[in-house]
Amino acid sequence: MRIVILGSGAGGGVPQWNCGCRNCEAARAGRIPAMSQSGIAVSANGRDWALVNASPDLRQQLAATPALRPGGLRGSPIRSVLVTNGDIDHVAGLLTLREGQGFDLFATPAIHDVLAANPMLAALDPRLVARRPVALEQGFDLAPGLVARLFAVPGKVPLYLEGERVETELMGEQTVGVELAAGGRRVFYIPGCASVPGWLRDRIAGADALLFDGTLWTDDEMLRAGLGAKTGRRMGHVPVSGPGGSLEALRDLALGARIYVHLNNSNPLVDPASPERAQAQAAGWQVGHDGMEIAP
């Protein structure tokens with residue numbers, strides 16, 4: 001199995017277009033790496049690829065990844081796209097894939113309903129793009145030699161579907177993790193997760209790699225930095241640090257590589273020289289970056 005992190009940032013990326021925080025200014029100045037918005041590409045044979053999530057930055061991500069470029073006048077090695085929720089930073093890039101290229105579009109029935117309700121996505125020609133609903137816990141071929149399985153993780157509906165009352169730890173089809181299997185290897189990709197219950201620990205134990213939600217270092221960091229009015233948990237993201245954070249919850253779990261992805265621009269982990277990055281690395285974590293390749 002071969003995995004490429006196309007984008008390691010959360011919604012807005014780093015630098016975010018309207019943000020002048022320390023991390024965004026450092027990225028603009030070239031002092032720290034920029035991060036495009038979240039997504040990965042995965043292949044079992046190096047020729048046929050699947051995308052997991054399609055961010056608004058997808059066009060530049062594909063251009064920056066040689067394995068995903070066309071091999072001739074027209075064509076693509078991308079065989080399928082899987083989306084893990086209906087968030088804008090995970091589905092807006094589907095509009096980039098509207099130029100008459102065939103592929104399979106996988107998602108849970110609930111997420112497909114969200115996509116079908118958006119008339120702009122009718123630009124994906126149904127004669128070429130097969131919309132394939134997948135039930136939770138059902139193994140399916142995502143690409144040749146690559147089997148995927150979706151499972152519910154605690155989360156919430158996309159921001160644009162929120163009502164007056166928001167449940168941030170819903171369990172269902174609206175937010176899923178992905179288990180990927182190929183060549184005897186097992187990898188989990190969970191870019192959005194509101195908490196780390198015991199059953200989730202049990203499920204991912206022993207995996208060859210875990211790419212996990214690293215949106216915020218502390219639950220209230222956006223409030224303290226004056227960058228927003230919501231906590232991480234209110235946004236459906238478990239913090240990295242603190243009681244109940246992923247660093248604590250997954251500390252003693254047997255895993256191969258453990259990698260934080262989907263990092264917000266406010267997160268000190270974005271800065272390679274930060275003490276928070278050193279703390280995460282001391283606990284065995286890597287911080288994903290655009291273009292990072294993983295061969296578990």
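Throughout, residue positions are numbered sequentially from 1 according to the sequence presented.
Between the side chains of D89 and S38, no donor-acceptor pair of N or O atoms lies under 3.5 Å. Checked by atom type, the side-chain pair Q61/S36 shows a donor-acceptor distance below 3.5 Å. Side chain to side chain, N18 and Q16 meet the donor-acceptor criterion of an N or O pair below 3.5 Å. If you check the side chains of N264 and T215, you find no donor sitting under 3.5 Å from an acceptor.
The minimum heavy-atom distance between P243 and R233, with the atom names listed, is O-NH2, 3.4 Å. Scanning all heavy atoms of the two residues, the minimum distance from G75 to P70 falls at O-CB, 3.2 Å. Here the closest heavy-atom approach between residue S195 and residue P197 is recorded as O-CD, 3.3 Å. What you find for L68 and A41 is that their closest heavy atoms are CD1-CB, 3.9 Å. What you find for G184 and D208 is that their closest heavy atoms are O-OD2, 4.2 Å. Considering all non-hydrogen atoms of both residues, G177 and I190 come closest at CA-CG1, 4.2 Å.
Annotation: salt bridge (charged side-chain N to carboxylate O under 4.0 Å, His left out) contacts of R258 (sequence neighbours excluded): none. For the ring-ring contact (aromatic ring centres under 6.0 Å, His included) test, residues two or more places apart in sequence or in another chain that qualify with F151 are F188.
Looking only at distances, a side-chain donor or acceptor of R149 sits under 3.5 Å from a matching main-chain atom of E137. Between the side chain of N85 and the backbone N or O of H90 there is no donor-acceptor pair closer than 3.5 Å. Panel note: side chain T175, backbone G155; no donor-acceptor pair is recorded below 3.5 Å. In this structure, Q37 contributes its side chain and G11 its backbone to no donor-acceptor pair below 3.5 Å. Counting only distance, with no hydrogens or angles, the side chain of E25 and the backbone of G20 share no donor-acceptor pair below 3.5 Å.
With a 6.0 Å radius and a threshold of 12 heavy atoms from other residues, nucleotides or ligands, W199 has its CH2 atom above the threshold. In the displayed structure, R74 atom CZ is contacted under 6.0 Å by at most 12 heavy atoms of other residues, nucleotides or ligands. In the displayed structure, R28 atom CZ is contacted under 6.0 Å by more than 12 heavy atoms of other residues, nucleotides or ligands.
Within the 4.5 Å cutoff, no side-chain heavy atoms of S266 are placed close to those of C21. Residues D213 and S246 have side chains not in contact (no heavy-atom distance under 4.5 Å, counting atoms from C-beta outward). Contact check for D125 versus V129: no side-chain heavy atoms found under the 4.5 Å cut-off. By the 4.5 Å heavy-atom criterion applied to side chains, L51 and S80 are not counted as neighbours. Side-chain contact check for P144 versus N45: some heavy-atom pair is nearer than 4.5 Å. L250 places a side-chain heavy atom less than 4.5 Å from the side chain of R201.
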Under 3.5 Å, side-chain donor or acceptor atoms of residues 275-283 against the rest of the protein: list the pairs with distances, not counting sequence neighbours.
| from | atom 1 | to | atom 2 | distance (Å) |
| --- | --- | --- | --- | --- |
| R277 | NE | L269 | O | 2.8 |
| R277 | NH2 | L269 | O | 2.9 |
| R277 | NH2 | V270 | O | 3.4 |

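One finds no salt bridge joining R132 and D141 here, because no Lys/Arg side-chain nitrogen approaches an Asp/Glu carboxylate oxygen to under 4.0 Å. A salt bridge links R203 with E179: at least one charged nitrogen is closer than 4.0 Å to a carboxylate oxygen. R79 and D48 are joined by a salt bridge, as a carboxylate oxygen and a charged side-chain nitrogen come within less than 4.0 angstrom of each other.
Residue pairs satisfying the ring pair (Phe, Tyr, Trp, His ring centres under 6.0 Å) criterion with at least one member in residues 213-257, sequence neighbours excluded, are listed as follows: H237-H262. Evaluation of the ring pair (Phe, Tyr, Trp, His ring centres under 6.0 Å) test over residues 270-296, restricted to residues two or more places apart or in two chains, returns Y260-W285.
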Please report the C-alpha distance between S76 and R69 in whole Å, then the side-chain angles of each, then the deciding distance to 0.1 Å, and finally whether the side chain to side chain donor-acceptor pair (under 3.5 Å) criterion is met.
CA-CA 6 Å; S76 172; R69 296 172 186 168; over 6 Å; no
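A distance of 12.0 Å separates CD of E99 from CG of L128, quoted to the nearest 0.5 Å.
Hydrophobic side-chain contacts under 4.5 Å tie L180 into a cluster, directly or through other members, with M1, I3, I5, I40, V42, V52, L82, F106, V134, L136, F140, L142, L146, L150, V176, V178, V187, Y189, L211, I259, V261, M292, I294.
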